[in-house]
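Here the structure comes first, spelled out in structure tokens, and everything after it is commentary.
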Amino acid sequence: MVPFDVPGHKRGRGNPELMALLGEKCVTMDVNSMKPLDNLCHPISVIREAEELAAEAFGATHAFLMVGGTTSAVQSMVLSTVKRGEKIILPRNVHRSVMGALVLCGAVPVYVDPECDDRLGIPLGMSVSQVARAIRRNPEAKAVLVNNPTYYGICSDLRAIVKLAHENGMLCLADEAHGTHFYFGEGLPVSAMAAGADMAAVSMHKSGGSLTQSSLLLTGPAMQEGHVRQIINLTQTTSGSYLLLSSLDISRRNLALRGKEAFARVARLAEYAREEINAIGGYYAFSRELINGGSIYDFDVTKLAVNTLEVGLAGIEVYDLLRDEYDIQIEFGDLGNILAYLSIGDRPREVERLVSAMSEVRRRFSRDPAGLMKQEYIDPEVAVSPQVAFYADKESLPIEDTAGRVCSEFVMCYPPGIPILAPGERITPEILDYIRYAKDKGCSMTGPEDPDILRLNVLKGGL
């Protein structure tokens, strides 16, 4: 074809440096929504067929190909189910994308504060009794949102929560950013569609192998496809990347044909790594022994999460040491834990290198753990809704002067992207201590207007 359309690089000829970097095959696939290639906003041919194949593979009524990351998929879930002033029940340890959706639509969050594991300092799942209590107190809520799993691999009793929501006339949504493999592996926690959830946002680019920023939004029979598509089109680009769309389709095929064997191999690798890391001493690579039938109903055994406090190092310090000293890039480190993300592209020799490096880190850098902070979750005090706070009149104050005021912006460590503060929450001395400590330890903090996080925006006049 002779291209007189966008993109302007014209199959790479207009940008030879880009062609040299990405290769001819890649740039010639970077095309616009020409008629034979369908249109992501209103698919009727090849994209439609790809969505139907994805729905079949994931056991969904419909699947939407998403090119704005799982952030876009999560926000489309929320915007499809709740409107301004309506309530949604959710755990507070949700990804920032959920809070962003509440800012956009004006829905009111009803938080189920998760329990915390004292040793690990991490937030757990929602127990069924907690969700039941929230439903009794807020019978007018429209939906319940569940993390399946959390960043650390912890799962709530999704089947029971779905049943509870439906019995009370509510929809159930699942953030499955870290649960793609649940649909294809064996011996793993239940997937959202298998549990009967109404919508699920699935990060194919994480454990599924597609290109970064590509994702799926899955829906069950209760959701109207046309309505959900309209919601998606409010925020998703009209210029969908065919590189991302192709990667979703290819990855779906790969998982449908080989996912069972691939994720069985990942689970074995993770179990081997846990045994070796726990044998080093000091570290605690946790797994299914945490299951308590309530706030930890199940555990994703492919997740290699390790508590580091007993070696006297914050998780973020181990993260930095592995990268700077051993050329190993793990997923994230927080105040007390690290996560090494294992998936279909990993091999035993990389795991061996990680285990060896962690042993060296303990030998060379361990110290007295006294004085390390471990608590990863602080119960919020919600003063006003996220939307009201985000758009209200505000003033900027030095962070040390903000205790007692209501925050009007986000503060979070990324990853994992769970807000320490969200708009509408009261700032406490405990939260300020946490922020200072996280900054001192080297956590990558994002969200505030002030990039140095020396100042915070708060509501004018206080509340």
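Quick caveat, the model's predicted, so the values are computed rather than measured.
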Exercise for review: For a side chain to side chain contact (heavy atoms under 4.5 Å, CB included) with S214, tell me which candidate from T70, L65, L248, D249 qualifies.
Suggested key: L248
Revision key, fill the gap. Tightest non-hydrogen contact, residues Q213 and V67, listed as NE2-O, 2.9 Å
Point to revise | Distance-minimising heavy-atom pair for M412 and I418 | key: CB-O, 3.6 Å
Practice item. State whether R229 and E51 are salt-bridged, where the test is any N-O pair (Lys NZ or Arg NE/NH1/NH2 against Asp/Glu carboxylate O) under 4.0 Å. Key: yes
Check your understanding: Is a side-chain donor-acceptor pair under 3.5 Å present for H178 with N148?
Key -> no
**Study point:** Salt-bridge criterion met for E225 and R48 (N-O under 4.0 Å)
**Key:** yes
Practice item. Check A73 against L216 and note the closest heavy-atom contact, atom names and distance. Key: CB-O, 4.0 Å
**Study point:** Salt-bridge present (R436, D433; N to O < 4.0 Å)
**Key:** yes
Exercise for review: Can you see which heavy atom on V306 is nearest to which on A285, and at what distance?
Suggested key: CG2-CB, 4.0 Å
Practice item. Name all residues meeting the side chain to side chain donor-acceptor pair (under 3.5 Å) criterion together with D30; count only those two or more places apart in sequence or in a different chain, and write none if there are none. Key: H9
Point to revise | Modelled atom types, side-chain donor and acceptor of N307 and N337, under 3.5 Å | key: yes
Review point. Taking all atoms of both residues into account, what is the closest heavy-atom pair of G240 and L40, and its distance?
Key: CA-CD2, 4.2 Å
**Study point:** Salt bridge present between E331 and K206 (N-O < 4.0 angstrom)
**Key:** no
Point to revise | Test applied, side chain to side chain contact (heavy atoms under 4.5 Å, CB included); reference residue, I338; option that passes from L313, T308, I316 | key: T308
Point to revise | Between H42 and N233, a side-chain donor and acceptor under 3.5 Å | key: no
Practice item. Considering only NZ, NE, NH1 and NH2 on the basic side and carboxylate oxygens on the acidic side, decide whether D379 and R92 come within less than 4.0 Å. Key: no
Revision key, fill the gap. Side chain to side chain contact (heavy atoms under 4.5 Å, CB included) with V27: of N15, L18, L21, only one passes, and it is L18
Review point. How would you list, by chain and number, every residue that makes a side chain to side chain donor-acceptor pair (under 3.5 Å) with E381, sequence neighbours excluded?
Key: R426
Practice item. Mind running side chain to side chain donor-acceptor pair (under 3.5 Å) on H205 and S215 for me, showing each step along the way? Key: CA-CA 6 Å; H205 70 93; S215 184; over 6 Å; no
Check your understanding: How about F64 and H62: are their ring centres within less than 6.0 Å of each other?
Key -> yes
Practice item. Just jot down the side chain to side chain contact (heavy atoms under 4.5 Å, CB included) partners of S396, sequence neighbours excluded, or say none. Key: R455, N457
For residues 97-111, which side-chain donor-acceptor pairs fall under 3.5 Å, sequence neighbours excluded?
| residue | atom | partner | partner atom | Å |
| --- | --- | --- | --- | --- |
| S97 | OG | H95 | ND1 | 3.0 |

Review point. Which ring-ring contact (aromatic ring centres under 6.0 Å, His included) pairs, counting each pair once, include a residue from residues 317-336, with sequence neighbours left out?
Key: Y151-F332, Y152-F332
Review point. Hey, are D346 and S343 close enough side-chain-wise for a donor-acceptor pair under 3.5 Å?
Key: no
**Study point:** D452: side chain to side chain contact (heavy atoms under 4.5 Å, CB included) partners, not counting sequence neighbours
**Key:** D450, L454
Study note, to complete from the structure: On a heavy-atom basis, the closest approach of L335 and C443 is CD2-SG, 4.0 Å
